[in-house]
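Computation of the quantities below employed the complete heavy-atom set of this structure, encompassing side-chain atoms and omitting hydrogens, waters and symmetry-equivalent molecules.
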Amino acid sequence: MHSDIHHLLHSLRADELPHEAPQFSSDPHRAAIAEALSTVAVSSLSSHREHRAGVGLVKDFTRGSKSIVDEWAAYCDAHTDLDGWPEDDLAYDRRQQQRDADIAALFEPIQGWTGRLLLATAEVQLASLPTSTVQPRWGYQIGVLRDSLDQLDALEQKWTRTVDGLAPGEGPGTPSFEAALAEHHAESWSSFEEWMTHAPAVLEINTAARHGSSPLAPAPVAAPAPAPGLRSPSRR
């Protein structure tokens, strides 16, 4: 995939910038790279704003997920015995389901196209950075995040089939629906954990790109002149 990015970057001559994203196949990852390359080519303020907004979502998820996991760890410490067994299984399960639901809601703005565009942007930036500024783990981490998005997409399709299979009247709020939703969130947890662990790499790559004037790094805005004289814990 990096060879594709290098080839496309080198093909983007300043006097022949495309006005639309290159057309790849229906593969969502390649389509996201096409969009990222189009952002490089057009270099529009709106595109930079969209990328900045996506980076902000990653920051929100990284910060918010840590808070959720820390609260879960505190709950486990307070409500399990020395061997890690819950004092109240029902209360423990409900609290764990709430943790899963909170993480899912926090990740929702990133899941799908936004996440893929962020990762494709990071790949374009990474391919353009001087080798001396690149952390060897970054490429691996972007790959892990991409695989996690693939898994979440598959689980989302499974969830859609589950909802379609529910009987009439078994909508949100009913025991059948809520049990199925809790199971869906639980199945998604490992993918969310990968993003909790590796999403900071997206921020690190973006910071390196900004400092190195890599493609997709928003141009710095000049500041006005100063006025004169002035434990991802689980059931243990």
Original post:
After noting the C-alpha distance and the side-chain angles of His185 and Gln97, does the key distance pass the side chain to side chain contact (heavy atoms under 4.5 Å, CB included) rule?
Top reply: CA-CA 8 Å; His185 288 158; Gln97 290 171 9; over 6 Å; no
Subject >> Candidate pair Gln125 and His51, rule side chain to side chain contact (heavy atoms under 4.5 Å, CB included), full reasoning >> reply: CA-CA 12 Å; Gln125 291 174 322; His51 178 246; 3.8 Å; yes
Original post:
Does the side chain to side chain contact (heavy atoms under 4.5 Å, CB included) test come out yes or no for Trp72 and Ile68, once each step is laid out?
Top reply: CA-CA 6 Å; Trp72 169 247; Ile68 291 170; 5.6 Å; no
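Put simply, OG on Ser191 and CG on Leu149 are 8.5 Å apart, with the number rounded to the nearest 0.5 Å. The CG atom of Asp150 sits 11.0 Å away from atom CG of Leu155, with the distance rounded to the nearest 0.5 Å. Atom OG of Ser148 is separated from atom NE2 of His198 by 7.5 Å, given to the nearest 0.5 angstrom. To the nearest 0.5 Å, the span separating CG on Asp89 from CD on Gln96 amounts to 11.0 Å. For the atom pair CG (Leu106) and CE (Met196), the distance works out to 9.0 Å, reported to the nearest 0.5 Å. One finds the CH2 atom of Trp138 at 14.0 Å from the CD atom of Glu123 (value rounded to the nearest 0.5 Å).
Apart from Leu82 itself, the hydrophobic cluster it occupies contains nothing, where clustering links Ile, Leu, Val, Met, Phe, Trp and Tyr at side-chain heavy-atom distances under 4.5 Å.
Put simply, Trp195 and Trp189 are part of the same group of oily side chains (I, L, V, M, F, W, Y) that touch within less than 4.5 Å, one to the next. Linking Ile, Leu, Val, Met, Phe, Trp and Tyr whenever their side-chain heavy atoms come within less than 4.5 Å leaves Leu145 and Tyr140 in two separate clusters. Following chains of ILVMFWY side-chain contacts shorter than 4.5 Å, one cannot reach Val163 starting from Leu152, and the two form parts of different hydrophobic clusters.
Of all heavy-atom pairs between Ile110 and Leu57, the closest is CD1-O, 3.7 Å. Minimum heavy-atom separation, Ala199 to Thr62: CB-OG1, 4.2 Å. Between Ile142 and Ala122, the shortest heavy-atom contact is CD1-CB, 3.9 Å. Smallest separation of non-hydrogen atoms from Gly171 and Phe177: O-CB, 3.1 Å. Closest non-hydrogen pair, Asp100 versus Ala186, comes out as OD2-CA, 3.7 Å.
For residues 171-180, no pair satisfies salt bridge (Lys or Arg N to Asp or Glu O under 4.0 Å), with sequence neighbours left out. A salt bridge (Lys or Arg N to Asp or Glu O under 4.0 Å) check over residues 56-69, counting only residues at least two apart or in different chains, returns the pairs Asp60-Arg63, Lys66-Asp70.
For the pair Thr80 and Tyr75, the minimum side-chain heavy-atom distance is 4.5 Å or more. When side chains are defined from C-beta on, Gln135 does not count as touching Ile205, because their heavy atoms never get closer than 4.5 Å. At a threshold of 4.5 Å between non-hydrogen side-chain atoms, the residues His79 and Tyr92 do not count as touching. The side-chain heavy atoms of His184 and Thr162, taken from C-beta on, include no pair separated by under 4.5 Å. Here the side chains of Leu117 and Trp113 are in contact, with some heavy-atom distance below 4.5 Å.
Scanning for side chain to side chain donor-acceptor pair (under 3.5 Å) contacts around Ser176 gives Glu170, with sequence neighbours left out. For Gln98, the side chain to side chain donor-acceptor pair (under 3.5 Å) partners at least two apart in sequence or on another chain are Asp102. The side-chain contact (heavy atoms from CB on, under 4.5 Å) check on Thr133 picks up Leu129, Pro130, with sequence neighbours excluded.
For Glu108, the CD atom counts as loosely surrounded, since its 6.0 Å shell holds 12 or fewer non-hydrogen atoms of other residues, nucleotides or ligands. Other residues, nucleotides and ligands place more than 12 heavy atoms under 6.0 Å from the CZ atom of Arg137.
The backbone N or O of Leu90 sits less than 3.5 Å from a side-chain atom of Asp88, completing a donor-acceptor pair.
Between Asp153 and Arg116 there is a salt bridge, since a side-chain N of the basic residue sits under 4.0 Å from a carboxylate O of the acidic one. With respect to Arg99 and Glu71, no salt bridge is recorded, no charged nitrogen being found less than 4.0 Å from a carboxylate O.
Between Phe107 and Phe61, the angle of the ring planes goes over 60°, which puts this pair in the perpendicular group of the 30/60° scheme.
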